[in-house]
Amino acid sequence: MRLQALLQHPDALPVVPEVAARLIATFGRDDVDLDSITADLERDPALVARLLRQANSALFRLLRPVHSARDAVMVLGFNRVRALVVAAAVQSRFPAPPGMDLERFWSYSFVAASVARRVCVPRRLDDNVAFTAALLHAVGELVMHQVMPEVMRDLDRTCPWYALERAGAEYQALGYAYAEVGAALAQHWRLPRLLVQAIEQHLDPLHRESADPLAAVVHLAAWRARVWALGNQRDMLIHTYPDALGELLQLDPDLLVDPDVVNPGAAR
């Protein structure tokens, strides 16, 4: 299926839930009314349930469990909650894509998000934006598995979605990859342009007229999460480390090649 045909499929670009749309509209604003946002969240119990499940998962080492939307905002902070709500909204629109283990997918995504927060600090990039971009960078896989399950099932047999070579396999088989699909969903949901661009360009940020630092951060975060998903072996970390992007971001390689950098509580 060509990219345009995929994106025109009725299941490819669903409408964003109302509460998530209101939170998306707060990007770039300094005058956010947290009481109003919390009230909005409380009007969507299903979305709040997904938010609380994420917040209380093993990927967050919280000092105490959170039991309500208000708790989540107080404990996690508004920016983190906003990212989690958008992720929960994606999950609500793609609740069971054929062939996808959603628990594994979101664990992978949270690991990428936690790594992105760590990586962006030396470049003084916004760590909340980096967290959000990395958390959502692979949502195109959910769209593709939902719309064309048989095609993706065949591809998954030879190259799992979390493999390091996955994007190349998708380009070879389809002519496009999950990054373009995810960017289309992000644009459809009116996420900020810098997030759309980071999702779209993260597979190969150096082959652009001007390398986007946020896309480079997401690339490194995705690479690190994939190695984690593949067993988190030091030899693989050392031999697959993206040197050029590490140099672009002026990172010490030891920051990411230590297996202990990523752990089940990494999203904290």
Side-chain angles (χ1 to χ4, degrees), residues 1-17 20 24 83 86-113 116 130-156 158-205 207-208 212 214-223 225-226 229:
M1 183 182 291
R2 294 183 181 275
L3 179 59
Q4 194 59 35
L6 171 71
L7 298 179
Q8 289 175 351
H9 190 282
D11 293 334
L13 301 178
V15 175
V16 61
I24 289 169
V86 176
V90 171
Q91 188 171 345
S92 74
R93 292 304 188 248
F94 301 97
M100 290 295 289
D101 178 342
L102 284 181
E103 183 175 355
R104 186 171 196 173
F105 175 83
W106 288 113
S107 294
Y108 159 85
S109 299
F110 278 117
V111 166
F131 181 91
T132 305
L135 182 63
L136 300 176
H137 80 276
V139 295
E141 289 288 357
L142 302 182
V143 179
M144 295 164 77
H145 279 79
Q146 184 72 41
V147 173
M148 45 184 188
E150 293 182 3
V151 172
M152 301 310 287
R153 189 180 301 118
D154 290 342
L155 191 56
D156 291 340
T158 58
C159 186
W161 63 263
Y162 50 85
L164 291 170
E165 306 84 4
R166 177 64 178 209
E170 290 181 351
Y171 279 121
Q172 184 173 4
L174 303 168
Y176 57 90
Y178 69 89
E180 289 93 336
V181 179
L185 178 64
Q187 186 171 23
H188 180 67
W189 280 16
R190 299 186 178 180
L191 288 171
R193 177 58 194 162
L194 77 167
L195 290 176
V196 175
Q197 180 172 293
I199 293 170
E200 183 177 34
Q201 297 185 6
H202 81 272
L203 292 177
D204 198 5
H207 287 77
R208 304 280 172 172
D212 175 14
L214 182 58
V217 166
V218 175
H219 180 103
L220 277 165
W223 160 77
R226 288 176 191 276

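What's counted below: heavy atoms across the whole structure, side chains too, no hydrogens, waters or symmetry copies.
Under the side chain to side chain donor-acceptor pair (under 3.5 Å) criterion, R104 pairs with Y162, not counting sequence neighbours. Judged as a side chain to side chain donor-acceptor pair (under 3.5 Å), and not counting sequence neighbours, Q201 has no contacts. Considering only residues two or more places apart in sequence or on other chains, D204 meets the salt bridge (Lys or Arg N to Asp or Glu O under 4.0 Å) condition with none of them. Residues forming a side chain to side chain donor-acceptor pair (under 3.5 Å) with D156 (at least two apart in sequence, or on another chain): H145, R166.
Annotation: side chain of I24 is in contact with side chain of V16 (closest heavy-atom distance under 4.5 Å). Counting heavy atoms from C-beta outward, R93 and L185 have side chains that stay 4.5 Å or more apart. The closest side-chain heavy-atom distance from V151 to L174 is below 4.5 Å. A heavy-atom distance below 4.5 Å is found between the side chains of M144 and E170.
Note: H219 NE2 to L214 CG = 13.5 Å, rounded to the nearest 0.5 Å. Between the CG atom in L194 and the CG atom in D212 there is a gap of 8.0 Å [rounded to 0.5 Å].
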Practice problem: Could you go through the side-chain contact (heavy atoms from CB on, under 4.5 Å) check for L195 and L136 one step at a time? | Solution: CA-CA 9 Å; L195 290 176; L136 300 176; 5.6 Å; no

Exercise. Kindly determine whether D101 and W106 satisfy side-chain contact (heavy atoms from CB on, under 4.5 Å), including the steps that lead there.
Key: CA-CA 9 Å; D101 178 342; W106 288 113; over 6 Å; no

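With V181 as the partner, the side-chain contact (heavy atoms from CB on, under 4.5 Å) test is satisfied by one option alone out of L142, L3, V139: L3.
Taking every heavy atom of both residues into account, F94 and L102 meet most closely at O-CD1, 3.9 Å. Heavy atoms only, all atoms of each residue included: L203 and A177 are closest at CD1-CB, 3.9 Å. Here the closest non-hydrogen pair linking A87 and L135 is CB-CD2, 3.8 Å. Taking both residues in full, the closest heavy atoms of W223 and L164 are given as CD1-CD2, 3.7 Å, listed atom of the first, atom of the second, then distance. For the pair P97 and P95, the tightest heavy-atom approach, listed with the atom from each and the gap, is CD-C, 3.8 Å. Shortest non-hydrogen contact noted between V218 and A133 is CG2-CB, 3.7 Å.
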Under 3.5 Å, which donor-acceptor pairs do the side chains of residues 7-15 form with other protein atoms, sequence neighbours left out?
unit_1	atom_1	unit_2	atom_2	d
H9	ND1	D11	N	3.0

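Classified by interplanar angle (parallel below 30°, tilted 30° to 60°, perpendicular above 60°), the ring pair Y108/W161 is perpendicular.
Within the structure, side chain to side chain donor-acceptor pair (under 3.5 Å) contacts touching residues 172-192 (residues at least two apart or in different chains) are Y171-E180, Y178-H202, Y178-R226.
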